[in-house]
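Just so we're on the same page: letters track the sequence lines, and every chain starts at 1.
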Amino acid sequence: MYKKIILLCWCAVLANNLIAQQADTTDLMAQLEKEAAAQNAISYTIATFKTTRLINGHTVENPGKNVLDVKIAHRFGTLNNGAYQLFGLDNATMRMGLDYGITNNLMVGIGRSTYQKTFDGFFKIKIFRQSTGKKKMPLSISYVPTLAVRTLNWGDSSQKYQFSSRLSYTHQLIIARKFSEALSLQIMPTFIHRNLSPLIAEPNDLLAIGIGGRQKLTKRTSINVEYYYMIPGYKIKGTSNSLSVGFDIETGGHVFQLHFTNTRAMTEKNFISETSGKWEKGDILFGFNISRVFNIGKKK
Amino acid sequence: MRKILFSTILIICSNLVFAQKFFTKNGSISFFSKTTIENIQADNNQVMSVLNAQTGELQFSLLIKGFHFKKALMEEHFNENYLESDQFPKATFKGTIADIYKINFSNDAVYPVLVSGDLSMHGVTNKANCKGYISIKEGKITGAAVFIISLADFKIAIPKLVESKISKTIEIKVNCLYDQKM
């Protein structure tokens with residue numbers, strides 16, 4: 001009896017040993033990889049666009065946490081000014097701005113444009129992020145509320161204006177999808193409220209839908225297009241839709257964006273709703289954005 | 001009778017001591033690029049590794065997206081432009097430790113070892129050899145090594161503009177505590 005038990009044990013141990021031999025190193029690794037894949041199942045899409053701006057307006061991108069993005073943007077005069085004005089290069093409007101990532105999903109930005117001496121401030125909040133794996137999300141969606149303050153003198157001393165008349169608000173949803181490594185597109189439904197509209201006949205509330213996208217040419221360059229369509233009835237008379245075509249060059253910490261556009265302004269309210277230039281008439285202006293990122297504090 | 005008992009004990013013992021695979025799911029691999037302008041470091045603490053104490057087989061596997069940098073944008077560019085992690089999500093090493101039988105896994109000591117095998121990443125597989133250490137302390141096995149790879153060998157291109165900031169050769173540090181066994 002005793003003998004039999006030991007023999008049985010012996011067989012069991014031997015069998016165990018054989019099984020262990022068969023499950024060799026590669027199999028064990030395959031099993032580990034499988035387990036890990038099940039654990040880190042969500043893979044978020046990164047780098048839908050190169051930077052936080054497409055051309056004039058926002059992309060769905062935020063800077064990372066504790067990243068400061070210094071932005072300098074210029075729009076020169078229109079090309080149809082001719083050679084005397086060096087095709088518009090003799091004059092320029094400019095916006096200086098700072099973007100900052102409070103968390104990876106929330107950014108804040110401030111800026112000052114020479115156009116109507118406008119200050120602007122905004123938040124950008126990521127609501128959804130495009131992802132694959134366990135959590136499948138086909139789109140990234142961000143919300144951007146912007147406040148703009150026009151500080152240009154009214155130029156009309158006979159009338160008293162309140163401070164609130166200088167304010168305008170923009171609410172933007174940015175719905176983006178990175179279709180492939182090279183192609184990303186986004187749609188930007190936009191609501192603009194102006195506390196003061198210059199004419200009674202003009203609406204205070206304006207609506208627009210933007211579409212934009214980028215096609216990469218190489219790993220570090222891309223062609224961008226951005227178009228804002230003002231909804232009829234929520235549009236200021238005599239203005240055109242803003243259309244811009246740009247070229248991005250990314251070089252490590254810098255992004256250079258060169259573009260042609262029909263608007264001089266760089267704040268949402270101004271370039272979406274108050275663009276006066278028409279492409280077909282040659283009211284095209286050259287401009288550029290420069291972005292440089294700095295890391296503030298330690299990201300851990 | 002006695003023979004059977006003896007062989008049973010022997011097999012159980014051998015099972016415990018030799019026929020074992022040690023593994024970890026949270027080993028560390030870091031890499032360093034050192035230039036006069038900028039030092040770059042990234043760490044991955046979710047490295048999977050299996051060490052077969054009987055055959056000397058040693059394998060590593062990690063996700064490229066698991067490397068974390070101090071600078072968020074660097075991490076993005078690393079994934080997007082350099083390692084192209086959407087296309088090539090993982091890096092692996094499959095190799096062997098030479099003369100594994102010289103290591104007594106039940107004895108506290110530090111053993112210098114030679115590891116050779118195939119290192120795969122960014123869609124390229126290259127032979128790799130390096131010196132490392134297996135240290136055993138109170139039954140815990142740690143593997144450590146430092147080696148250098150060349151970016152060109154793995155077809156990782158550096159654009160001219162940032163050539164001065166990224167070293168052509170990258171130092172890789174491996175440190176794995178094999179906390180599990182089978």
Side-chain angles (χ1 to χ4, degrees), chain A residues 2-3 6-7 9-14 16-18 20-21 23-33 35-37 39-40 43-47 50-51 61-67 69 101 104 132 178 180-181 216 218-220 249-255 293-295 297-300, chain B residues 1 4-5 7-12 14-15 19-21 23-26 38 46-52 54-63 65-66 68-77 79-82 84-87 89-90 92 94 96 157 159-162 165-166 180 182:
Chain A
Y2 184 54
K3 213 171 176 181
I6 287 188
L7 197 70
C9 284
W10 200 90
C11 284
V13 169
L14 192 71
N16 196 24
N17 228 8
L18 280 172
Q21 289 292 324
D24 71 346
T25 318
T26 307
D27 289 344
L28 177 57
M29 184 49 101
Q31 193 194 327
L32 288 183
E33 283 179 344
E35 282 171 22
Q39 270 173 12
N40 333 320
S43 172
Y44 288 107
T45 303
I46 57 158
K50 288 286 184 197
T51 181
E61 292 291 331
N62 284 23
K65 189 183 175 184
N66 293 344
V67 173
D69 188 348
N104 284 328
T132 55
K178 187 177 185 177
S180 69
E181 195 48 50
K216 269 195 192 175
T218 68
K219 276 183 195 169
R220 293 172 182 84
I249 306 159
E250 174 259 298
T251 64
H254 288 95
V255 180
V293 299
F294 298 93
N295 284 267
K298 278 181 182 166
K299 188 219 159 196
K300 264 293 154 192
Chain B
M1 176 61 207
I4 292 168
L5 191 67
S7 57
T8 308
I9 289 165
L10 195 76
I11 280 172
I12 290 171
S14 72
N15 221 11
Q20 261 180 4
K21 289 177 285 291
F23 65 98
T24 177
K25 290 184 212 170
N26 45 18
E38 191 163 26
Q46 289 173 302
V47 177
M48 291 166 281
S49 180
V50 178
L51 167 62
N52 188 326
Q54 199 174 34
T55 60
E57 282 172 287
L58 182 65
Q59 297 196 358
F60 292 89
S61 175
L62 60 84
L63 289 174
K65 277 193 176 170
H68 296 298
F69 292 67
K70 283 207 178 81
K71 296 183 179 178
L73 198 63
M74 248 180 208
E75 192 168 315
E76 183 175 311
H77 291 159
N79 282 293
E80 185 190 6
N81 298 337
Y82 294 94
E84 300 171 274
S85 63
D86 277 341
Q87 205 180 340
K90 64 179 186 177
T92 60
K94 286 181 180 180
T96 47
K160 279 233 166 65
L161 219 65
V162 292
K165 293 180 184 170
I166 301 174
Q180 297 181 69
M182 193 179 130

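Counting heavy-atom pairs under 4.5 Å between each of A/Gly101, A/Gly253, A/Gly252 and chain B puts A/Gly252 at the top. For chain A, the option among B/Gln87, B/Lys165, B/Glu84 with the highest count of heavy-atom pairs below 4.5 Å is B/Glu84.
Here the shortest heavy-atom pairing between A/Ala47 and B/Glu76 reads CB-OE2, 3.5 Å. The shortest heavy-atom contact between B/Asn79 and A/Ile46 is CB-CD1, 3.6 Å. Considering all non-hydrogen atoms of both residues, B/Met48 and A/Met29 come closest at O-CE, 3.4 Å. In terms of heavy atoms, B/Lys94 sits closest to A/Thr26 at NZ-CG2, 4.2 Å. Nearest approach of B/Ala72 to A/Gly64, heavy atoms of both residues: CB-CA, 4.0 Å.
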Practice problem: Show your working on side chain to side chain contact (heavy atoms under 4.5 Å, CB included) between A/Leu28 and B/Met182 and close with a plain yes or no. | Solution: CA-CA 9 Å; A/Leu28 177 57; B/Met182 193 179 130; 3.7 Å; yes
Practice problem: Please lay out, stage by stage, how B/Leu73 and A/Val67 fare under the test side chain to side chain contact (heavy atoms under 4.5 Å, CB included). | Solution: CA-CA 9 Å; B/Leu73 198 63; A/Val67 173; 6.0 Å; no
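Within a 6.0 Å sphere centred on NZ of A/Lys219, other residues, nucleotides and ligands contribute more than 12 heavy atoms.
For B/Lys25, the side-chain hydrogen bond (donor to acceptor under 3.5 Å, both in side chains) test picks out A/Glu35, with sequence neighbours left out. With sequence neighbours excluded, the residues forming a salt bridge (charged side-chain N to carboxylate O under 4.0 Å, His left out) with B/Lys65 are B/Asp86, listed by chain and number.
Two residues are said to be in side-chain contact when any heavy atoms from C-beta on lie closer than 4.5 Å; B/Asn81 and A/Glu250 meet this criterion. Contact annotation: the side chain of B/Lys71 never approaches that of A/Val293 to less than 4.5 Å [non-hydrogen atoms, C-beta and beyond].
For B/Ser85, no part sits under 4.5 Å from any heavy atom of chain A, backbone or side chain. For A/Tyr44, the part lying near chain B is the backbone, with the side chain staying farther off; criterion is any non-hydrogen pair under 4.5 Å.
No side-chain donor from either of B/Gln59 and A/Thr25 sits under 3.5 Å from a side-chain acceptor of the other.
Annotation: the span from B/Leu161 atom CG to A/Arg220 atom CZ amounts to 9.5 Å, rounded to 0.5 Å.
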